[in-house]
Amino acid sequence: LAKAKKLAVPLEKHTHLMEIIKWEKRISNRLPGQDQDMAGELEGSYALGQKALSREANTVQYWTIASRLLYLMKKSGDARTPAEIERFRSLIRHPLMSGEEKALSFEAKLQYYHIRVLYHHAIGEYKKAYGFSGRRLQFMEAHPERIRENIWSYVFSLNNHLAALQVLGKYSEWEECIRKLRSIHADAPDVRIGLFVRANHYQMALYNTTGQFERGVNTIPAIETELQEYVSRMSQEAVLTFYNDFFCLYFGFGDHRKALYWLNRILNTDTGIREATIVGQGIGLAMRGLRPIAEVQYLDYLLYAIQILS
């Protein structure tokens, strides 16, 4: 139990720590007599338990703020009017958001940075969002044992930072983040697939954004080969994202025959005949510079696509 406690404390396994303390109490109650050392050790464990509970409560409070902010973003999107900005600011005025020193645990500090990133992005302060996403990433990288314990949390931090870099056009740092994604070692198949999807999508997005179409086209055969290995275990959305990236690179490069091939793969994928899908694909293609004809047979059916049209 003493060894378990030594592991639980630095890793902030608060629930496990409370269970260890409970077992210590059970064992001490069964002993025929308690010496002074045992009593003192139990007192120390109880103090440790109180501290763990306090940190756990602190972490839950940050989770609550983050959840409310995410709900507000999903409900209203990015803030555009003074009234919308004020709704976001009302959340960030919480006493716990006055400084990162208020976060008492590792997880609470991650949430503090995450909340800041979401908030500044939502109100259009992209440089500040970039600053906090970078601080979250540095904080995680200073604790490699936490990355090994929860790879997805580190991937999430890299995703946040990549999104901020994309908005600000910091392409050299973008490549560095992609290298970090590729350097992550994972044994679990689902993690390997997730890393494959994210690293290659961001790499192709970089080539598309910066106009490096020839360089991007040269990477497609290798990506396509690896994609065949994972495609049966990937979501349809992830597969279509790859097809779209291939289409954009070939179209930008000027190889319209191959671009049309991947465009047909997108349009002929079993997505179902839905008016919202037809109109949505048409809008997406138009945003890429094409002139699609999104044919909906009867005017009455347009009602099913009215949300995406508006």
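- The hydrophobic cluster containing Tyr298 does not contain Ile306, counting ILVMFWY residues as joined when their side-chain heavy atoms lie under 4.5 angstrom apart, directly or transitively.
- Remark: Arg93 engages Glu86 in a salt bridge, criterion side-chain N to carboxylate O under 4.0 Å.
- Judged purely by atom type and a 3.5 angstrom limit, Ser153 has no side-chain atom pairing as donor or acceptor with the backbone of Asn150.
- Listed for the His143 side chain is no donor-acceptor partner under 3.5 Å among the backbone atoms of Glu145.
- When each of Tyr202, Phe156, Tyr130 is checked for a ring pair (Phe, Tyr, Trp, His ring centres under 6.0 Å) with His161, only Tyr130 meets the rule.
- Note on ring orientation: taking the six-membered ring where Trp is involved, the planes of Tyr113 and Phe132 are tilted (angle from 30° to 60°).
- In this structure, Arg136 and Ser157 approach most closely via the heavy-atom pair NE-OG, 2.7 Å.
- Under a 3.5 Å cut-off, the side chain of Ser98 and the backbone N or O of Pro95 do form a donor-acceptor pair.
- Looking at heavy atoms from C-beta onward, Leu240 lies in side-chain contact with Tyr243 at the 4.5 angstrom threshold.
- In terms of hydrophobic clustering, with Ile, Leu, Val, Met, Phe, Trp and Tyr side chains grouped at heavy-atom distances under 4.5 Å, Ile184 and Val197 are assigned to different clusters.
- From His94, atom NE2 reaches atom OG1 of Thr64 across 8.0 Å, with rounding to the nearest 0.5 Å.
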(request) Apply salt bridge (charged side-chain N to carboxylate O under 4.0 Å, His left out) to the pair Lys180 and Glu141, showing each step before the final yes or no. (result) CA-CA 11 Å; Lys180 288 179 180 180; Glu141 290 173 346; 2.9 Å; yes
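- Considering every non-hydrogen atom in both Leu195 and Ala186, the closest pair reads CD1-CB, 4.1 Å.
- Ile92 and Arg116 get closest at one heavy-atom pair: CG1-NH1, 3.8 Å.
- In this structure, His201 has its ring center at least 6.0 angstrom away from the ring center of Phe242.
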(request) May I have the step-by-step check of side-chain contact (heavy atoms from CB on, under 4.5 Å) for Leu302 and Leu299, ending in yes or no? (result) CA-CA 5 Å; Leu302 272 178; Leu299 185 62; 3.6 Å; yes
(request) For the pair Gln166 and Leu206, evaluate side-chain contact (heavy atoms from CB on, under 4.5 Å) and give the outcome as yes or no after the intermediate values. (result) CA-CA 8 Å; Gln166 188 170 11; Leu206 175 63; over 6 Å; no
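- Tyr126 and His120 have their aromatic ring centers separated by at least 6.0 angstrom.
- Counting heavy atoms from C-beta outward, Arg80 and Ile85 have side chains that stay 4.5 Å or more apart.
- Here Arg179 pairs with Glu176 in a salt bridge; the nearest charged N to carboxylate O distance falls below 4.0 Å.
- Judged by a 6.0 Å distance limit and a 45° cone about the ring axis, Arg274 is not positioned over the six-membered ring of Tyr304.
- With rounding to the nearest 0.5 Å, the separation of CG in Leu69 from CG in Leu91 is 6.0 Å.
- A distance of 6.0 Å or more separates the ring centres of Tyr250 and His256.
- Counting only distance, with no hydrogens or angles, the side chain of Asn160 and the backbone of Ser133 share no donor-acceptor pair below 3.5 Å.
- Using a 4.0 Å cut-off between charged nitrogen and carboxylate oxygen, Arg215 and Glu175 count as a salt-bridge pair.
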(message) side-chain hydrogen bond (donor to acceptor under 3.5 Å, both in side chains), that's the test. Do Gln212 and Thr210 meet it? Break it down for me.
(response) CA-CA 6 Å; Gln212 300 179 68; Thr210 56; 2.8 Å; yes
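- Smallest separation of non-hydrogen atoms from Gly282 and Pro292: O-CG, 3.2 Å.
- The CG atom of Leu168 lies 9.0 Å from the CD atom of Glu173; values are rounded to the nearest 0.5 Å.
- Put simply, the side chain of Glu84 does not reach to within 4.5 Å of the side chain of Leu72, judged on heavy atoms.
- Residues Trp152 and Trp63 fall into different hydrophobic clusters, defined by Ile, Leu, Val, Met, Phe, Trp and Tyr side chains chained together at heavy-atom separations under 4.5 Å.
- In this structure, the side chains of Tyr207 and Val217 stay at 4.5 Å or more apart for every pair of heavy atoms.
- Other residues, nucleotides and ligands contribute at most 12 non-hydrogen atoms within 6.0 Å of the CD atom of Glu237.
- Phe251 and Ala259 get closest at one heavy-atom pair: N-CB, 3.7 Å.
- Looking only at atom types and distance, the side chain of Asn244 has no donor-acceptor partner in the side chain of Arg265 under 3.5 Å away.
- By the neighbour-count criterion of 12 heavy atoms within 6.0 Å, atom CD of Glu101 is densely surrounded, having more than that number from other residues, nucleotides or ligands.
- In terms of heavy atoms, Ile308 sits closest to Ile283 at O-CD1, 4.1 Å.
- For Arg135 and Glu100, the salt-bridge test passes: some basic side-chain N is under 4.0 Å from an acidic carboxylate O.
- Between Phe196 and Tyr230, the ring-plane angle classifies as tilted under the 30° and 60° cut-offs.
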(message) Under the criterion side-chain contact (heavy atoms from CB on, under 4.5 Å), I'd like the reasoning laid out for Tyr62 against Met97: C-alpha separation, chi angles, the key distance, then a yes or no.
(response) CA-CA 9 Å; Tyr62 278 103; Met97 295 306 300; 3.9 Å; yes
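- Here the SG-CG distance, from Cys177 to Leu137, works out to 6.0 Å after rounding to the nearest 0.5 Å.
- At a threshold of 4.5 Å between non-hydrogen side-chain atoms, the residues Lys102 and Tyr112 do not count as touching.
- No continuous path of hydrophobic side-chain contacts links Met234 to Val155 [ILVMFWY only; heavy atoms under 4.5 Å].
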(request) Quick one: do Thr59 and Gln111 satisfy side-chain contact (heavy atoms from CB on, under 4.5 Å)? Show the steps, please. (result) CA-CA 8 Å; Thr59 303; Gln111 287 301 312; 5.5 Å; no
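- Around the CZ atom of Arg233, the shell of radius 6.0 Å holds more than 12 heavy atoms that belong to other residues, nucleotides or ligands.
- The 12-atom threshold is not exceeded at CD of Glu214, counting heavy atoms of other residues, nucleotides or ligands nearer than 6.0 Å.
- Under a 3.5 Å cut-off, the side chain of Asn58 and the backbone N or O of Ser54 do not form any donor-acceptor pair.
- Aromatic pair Phe246/Trp262: centroids less than 6.0 angstrom apart.
- Tyr171 OH: more than 12 foreign heavy atoms inside a 6.0 Å radius.
- In the hydrophobic clustering of ILVMFWY residues, with side-chain heavy atoms under 4.5 Å counting as a link, Leu249 and Val239 come out together.
- Note that CG of Leu118 and CD1 of Ile65 are 12.0 Å apart. Values are rounded to the nearest 0.5 Å.
- For the atom pair CG (Asp187) and CZ (Arg192), the distance works out to 7.5 Å, reported to the nearest 0.5 Å.
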